[in-house]
Every structure is written in C-alpha cells, then in structure tokens.
Amino acid sequence: MQYPVALQTSSLTSSAPASPEPHTPIPENEPKVIKITNCKILRDHKIVEHDAIWIQGGKIIDPHKFFWYQKRLPDQVLDAGGLLVVPGFIEAQINGAFGVDFSVPSDPETYEKDLLLVNRGLLKYGTTSYCPTIVSSSASVYHKVLSHLKPRKGSAKTGATILGAHVEGPFINEARIGAHELKVLQASAKNGYADFKDVYGFEGETPEAQNKLSQQNLNSVKIITCAPELEGIMESIPDLAKAGITISVGHSMANISQAEEAVQKGATFITHLFNAMPQFHHRDPGVIGLLGSRFDLPRPYYGLICDGIHVHPNSVKIAYDSHPEGVILVTDAMSAMGLAPGNYQLGNMNVTKEEDRVYIEGTDTLAGSVITLDACIRNFIQFTSCSLIEALEAVTLHPAVLLGIQETKGVIKPGADADLVFLSDDLFVKRVFVAGEEVDLDAIDVQVTEKF
C-alpha cells in the first residue's frame with residue numbers, strides 16, 4: 001500500500017547516534033526509565049516482534065541514545081506477556097458518555113467533574129486522546145462550554161488527553177439535520193469568518209473580554225463540521241484552516257463540485273460518511289464522491305461509525321476499498337454510552353436508548369451511537385477483512401495526521417507521548433498507559449444511574 005508523504009516510514013523512525021558524547025553528565029533527579037518487553041509492537045506500518053519500548057518522562061525514548069549517553073540500565077522492566085502494544089486510540093467525534101453530554105452546560109464545577117468522569121472512563125476502552133463534540137447549539141452554549149474543552153494533557157489519574165472540541169454545527173444544512181435541533185441552526189455565514197467568531201465566542205463585547213474569549217474559545221476548537229454549500233461557508237474555509245482548525249464537510253447537501261471546492265479551499269475531513277448527506281448517485285455522487293476524486297485533488301480523511309447500524313457493513317467495505325488510507329473510525333457516541341437502556345439527553349433533546357442504538361424520543365431517527373472505539377476496530381476488521389495494521393491505524397495514525405499531531409500522538413517512536421494500549425489477540429483492552437504511567441483500569445468506576 002502506498003501511503004501519503006505524511007505517513008511514510010521515514011518520518012516515523014529515529015536513528016541512533018554514531019558515537020557517544022564523551023563525559024555526558026547524567027542530570028540530577030532524572031525520571032525513571034521503563035523498558036517494556038515480551039510484546040508485539042505496532043510501529044512503522046508493521047507489527048514488530050522481539051523488540052522493546054523504552055519510556056522516560058512520559059515520552060518514548062531512543063534506547064540507543066539512552067545507552068550511549070546515560071550508560072545505565074532501565075529502572076523497571078515490564079513484561080507485557082506477549083500482548084500487542086499500540087499507540088493510544090484517538091477519538092475525533094464523541095458527544096458524551098457515561099451519562100455526560102458535552103453540549104449541556106452546567107456550573108463550572110459540575111462540568112469539570114463530568115469531564116473527569118468521561119476522561120477516565122474512556123481509558124477502559126483504549127481511548128487516550130479525544131475531541132469532545134458539541135452538537136449544534138445556541139451561541140450562549142458555546143460561550144459557556146468551549147473554555148472547558150481547550151487542549152489539556154491527560155494522565156493516569158485525570159484520564160484521556162483533550163485535544164480540543166469538535167463543534168458539529170450549527171453551520172449545517174437543515175435538509176440534513178439528523179439529530180440536531182432546527183431552531184439553533186445558522187442558515188448562512190454572510191459575514192464569513194466573523195459569523196463563526198460571533199457564534200463560537202472567538203471575541204467578546206469589550207477589548208479585554210474579546211482577547212480572553214478569543215484565546216480561550218479559538219484555542220478550544222479543533223474541528224468544525226459545516227456545510228460548504230451554505231452562503232458564506234465556502235469563503236470562510238481558508239480563514240478557519242489558517243487559524244489551525246480542521247474543517248470537516250458534514251450535515252450537507254453539497255454536490256460533488258461544491259464538495260471538491262471545499263477540499264481545494266482547505267477541508268480535510270468528512271463527518272460520519274454516509275450519514276446526514278445525500279446518498280450516492282452515479283451522476284452526482286455528492287460528498288461521498290470525494291472518495292473517488294481525481295489524483296490531482298487530495299482526498300480527505302473520512303469518519304466511519306462502525307457499529308453496523310449507522311452504516312451497513314457492505315457500505316463500510318465500499319468506503320475502505322475506495323480509500324483505505326483515509327478511514328478514521330469514530331464512535332459518534334452520546335451520553336448513554338456505557339449505560340443501561342433508558343431515556344437520556346442529547347443537547348436539548350430527549351433520546352431513548354435501546355440495547356445497541358439510540359433514537360430521538362418518539363421517532364426512528366438515530367441520535368448517535370453507544371459503541372466504543374475498541375469495538376469499532378473489531379467490527380471494521382470483520383466488515384472489511386482489512387489487515388490488523390490498517391484497522392489499528394484507523395484509530396491511531398490516521399486521526400493523528402488529520403489533526404497535525406503525528407509527532408506526539410498515534411505513533412510509537414522516540415519523542416512521542418507514551419500513550420499505549422495493550423491488546424489481547426482478540427483485540428480487547430488489557431492494559432493502558434497515559435504519559436508513561438500505567439492506569440489502574442479496575443479502579444475506574446463509570447457506573448452511573450439513569451438521570452434524565
């Protein structure tokens with residue numbers, strides 16, 4: 001398989017120095033070094049055996065440099081028991097879990113407490129970094145919650161890393177509203193980037209407030225899902241991308257020409273492919289047609305909810321066969337993930353959870369999923385017969401490259417964060433490390449009683 005330049009093996013390796021620097025002093029209070037042995041490792045697009053992972057100070061280190069410069073043995077040798085060790089999973093779209101809905105404001109203390117519950121709970125399923133997702137909401141909601149969702153480092157104690165928010169709307173097409181609330185949608189962005197700033201709170205009413213809100217909320221937004229066919233959206237994409245935001249096409253009626261123009265202007269992702277968009281038509285394939293774009297146009301990454309409900313297994317395989325290097329598995333999970341069947345809340349709407357699916361109350365409209373990311377991996381292999389490596393990179397390397405964090409996340413190489421997941425042969429999570437520290441998975445309690 002030929003990978004894009006960003007995924008080439010040469011960018012994922014680090015060579016050892018030719019010779020040691022003489023008399024290199026060992027710094028005082030040097031962090032302890034952990035060596036993980038007896039494992040299989042996902043590294044450089046391969047499953048590597050008879051190798052080890054070295055960790056120091058929360059990072060993967062080069063054992064050759066460690067030996068040459070520090071001239072000492074590791075402080076701890078950890079036997080992985082033959083398990084497969086892979087980078088921590090990265091989730092690009094999740095609305096909530098364990099009774100928590102990121103789109104529902106509360107007092108700051110409660111919101112932070114709920115975030116901690118989700119951050120820790122996700123580790124049980126191998127997710128060590130994620131983008132909390134806000135469904136289409138009023139401007140007042142964004143102004144209240146986005147400051148809580150700015151990037152923050154994870155740890156074994158505080159849970160998964162928050163990479164910044166995925167704001168899914170409100171600049172979406174009402175014809176493909178899905179489970180979003182109609183009255184909060186923005187039908188256009190006539191003033192371009194300024195309208196995005198107003199809605200998300202990138203600026204305040206006074207210069208001081210403007211500076212504070214701009215820095216907090218702009219830095220909090222990692223992904224924006226929008227419909228490029230709406231007035232003013234297409235022209236805003238370059239400015240949003242320049243601000244460091246990943247632009248995703250979704251909840252859209254765009255035809256193929258509009259979708260390709262959005263990619264040319266800087267869109268790099270498709271939100272939950274096949275859902276909330278026109279179905280494939282041979283004369284105008286719409287957003288789905290981006291998977292078959294000509295070779296001189298970069299094909300975007302695309303999210304797939306691999307629960308067998310939102311997307312039929314055959315459709316999953318068609319997408320994979322068309323563009324295997326672009327797949328990113330997402331859960332699009334909502335607050336009922338991890339909870340018993342019952343009634344819950346998604347944004348301002350009531351939803352009903354059955355055994356393995358969630359509907360807007362009183363309808364047959366799907367309202368997000370309740371699947372976990374590790375289950376998506378197992379399903380993806382079953383649906384497509386893809387390789388183990390391809391399935392794992394769809395939750396590690398691919399989302400990392402999409403978000404521009406592939407030097408520190410989604411890979412096992414010197415300099416990367418030591419976020420690691422240990423998997424059994426049947427791909428169930430057995431052990432998790434965050435920033436080089438092992439998580440006590442048995443101590444994570446995410447049992448929440450029904451509260452809506």
Side-chain angles (χ1 to χ4, degrees), residues 92-96 101-106 108 111-112 115 130-152 162-174 177-228 230-252 262 265-269 271 276 346-348 402-404:
Q93 185 176 8
I94 177 170
N95 305 289
D101 186 338
F102 302 129
S103 300
V104 177
S106 58
Y111 199 92
E112 286 293 327
L115 266 182
Y130 75 109
C131 293
T133 303
I134 308 298
V135 297
S136 294
S137 302
S138 64
S140 63
V141 170
Y142 296 114
H143 297 180
K144 290 177 182 177
V145 305
L146 281 178
S147 62
H148 294 282
L149 304 180
K150 59 182 177 293
R152 65 176 80 179
I162 293 178
L163 299 170
H166 178 165
V167 286
E168 186 185 0
F171 297 94
I172 60 175
N173 196 314
E174 66 176 49
I177 190 173
H180 292 233
E181 192 174 15
L182 179 61
K183 70 179 183 180
V184 300
L185 298 191
Q186 298 287 324
S188 68
K190 294 180 180 179
N191 300 308
Y193 184 50
D195 285 345
F196 285 84
K197 291 195 294 184
D198 289 342
V199 169
Y200 298 135
F202 292 166
E203 57 185 29
E205 296 178 356
T206 67
E208 290 184 358
Q210 175 176 330
N211 182 62
K212 183 178 180 181
L213 271 176
S214 175
Q215 292 305 311
Q216 286 184 343
N217 289 1
L218 180 59
N219 292 342
S220 294
V221 175
K222 194 68 176 177
I223 305 172
I224 293 177
T225 290
C226 53
L230 299 182
E231 182 182 2
I233 302 296
M234 194 78 74
E235 294 76 16
S236 304
I237 291 175
D239 289 331
L240 293 166
K242 188 176 180 180
I245 297 170
T246 297
I247 305 304
S248 185
V249 177
H251 289 272
S252 169
K265 288 184 177 294
T268 55
F269 193 40
T271 295
L346 178 63
N348 293 323
L402 169 72
L403 300 173

Subject >> Spacing of CG belonging to L230 relative to CD belonging to Q186, to within rounding of 0.5 Å >> reply: 10.5 Å
Subject >> CG on L240 to CD1 on I223, rounded to 0.5 Å >> reply: 13.0 Å
Original post:
Which pairs with one or both residues in residues 182-196 pass salt bridge (charged side-chain N to carboxylate O under 4.0 Å, His left out), sequence neighbours excluded?
Top reply: E181-K183
Original post:
Looking at I233, N191, I245, which hits side chain to side chain contact (heavy atoms under 4.5 Å, CB included) with F196?
Top reply: I233
**OP:** Identify the two heavy atoms, one from G169 and one from I172, that lie closest to each other, and give their separation to 0.1 Å.
**Re:** CA-CG2, 3.8 Å
Subject >> Closest non-hydrogen atom pair, G266 against A241 >> reply: O-CB, 4.4 Å
Original post:
Is it true that a side-chain atom of S136 and a backbone atom of L185 form a donor plus acceptor pair closer than 3.5 Å?
Top reply: no
**OP:** Identify the two heavy atoms, one from M234 and one from P238, that lie closest to each other, and give their separation to 0.1 Å.
**Re:** O-CD, 3.6 Å
Original post:
Are the side chains of L149 and K222 in touch, meaning some heavy atoms are under 4.5 Å apart?
Top reply: no
**OP:** Give a yes or no answer on whether the side chain of S220 reaches the backbone of L146 with a donor-acceptor pair at less than 3.5 Å.
**Re:** yes
Subject >> Minimum-distance pair of heavy atoms, taken over all atoms of L115 and R152 >> reply: CD1-NH2, 3.8 Å
Original post:
Rounded to the nearest 0.5 Å, how far apart are OH of Y130 and CD1 of I162?
Top reply: 4.0 Å
Subject >> Distance in Å, I237 CD1 paired with K265 NZ, rounded so as to fall on 0.5 Å steps >> reply: 8.0 Å
**OP:** Looking only at non-hydrogen atoms, find the nearest pair between L403 and L163 and report the distance.
**Re:** CD1-CD1, 3.9 Å
**OP:** Check for a donor-acceptor pair, side chain of S103 on one end and backbone N or O of V135 on the other, with a separation under 3.5 Å.
**Re:** yes
**OP:** Check whether any side-chain heavy atom of K144 sits under 4.5 Å from a side-chain heavy atom of V141, and report yes or no.
**Re:** no
**OP:** Without swapping roles, check the side chain of T133 against the backbone of I94 for a donor-acceptor pair under 3.5 Å.
**Re:** yes
Original post:
Within a reach of under 6.0 Å around CD of E174, are more than 12 heavy atoms found that belong to other residues, nucleotides or ligands?
Top reply: no
**OP:** Please name all residues satisfying side-chain hydrogen bond (donor to acceptor under 3.5 Å, both in side chains) with S106, sequence neighbours left out, ordered by chain then number.
**Re:** none
**OP:** For a side chain to side chain contact (heavy atoms under 4.5 Å, CB included) with I224, tell me which candidate from F269, Y200, F171 qualifies.
**Re:** Y200
Original post:
Hey, does V104 have a side-chain heavy atom less than 4.5 Å from the side chain of Y111?
Top reply: no
Subject >> Sidechain-backbone polar pair: H166 side chain, A92 backbone, donor-acceptor under 3.5 Å >> reply: yes
Original post:
Taking side chain as C-beta onward, heavy atoms only, is V145 less than 4.5 Å from F102?
Top reply: no
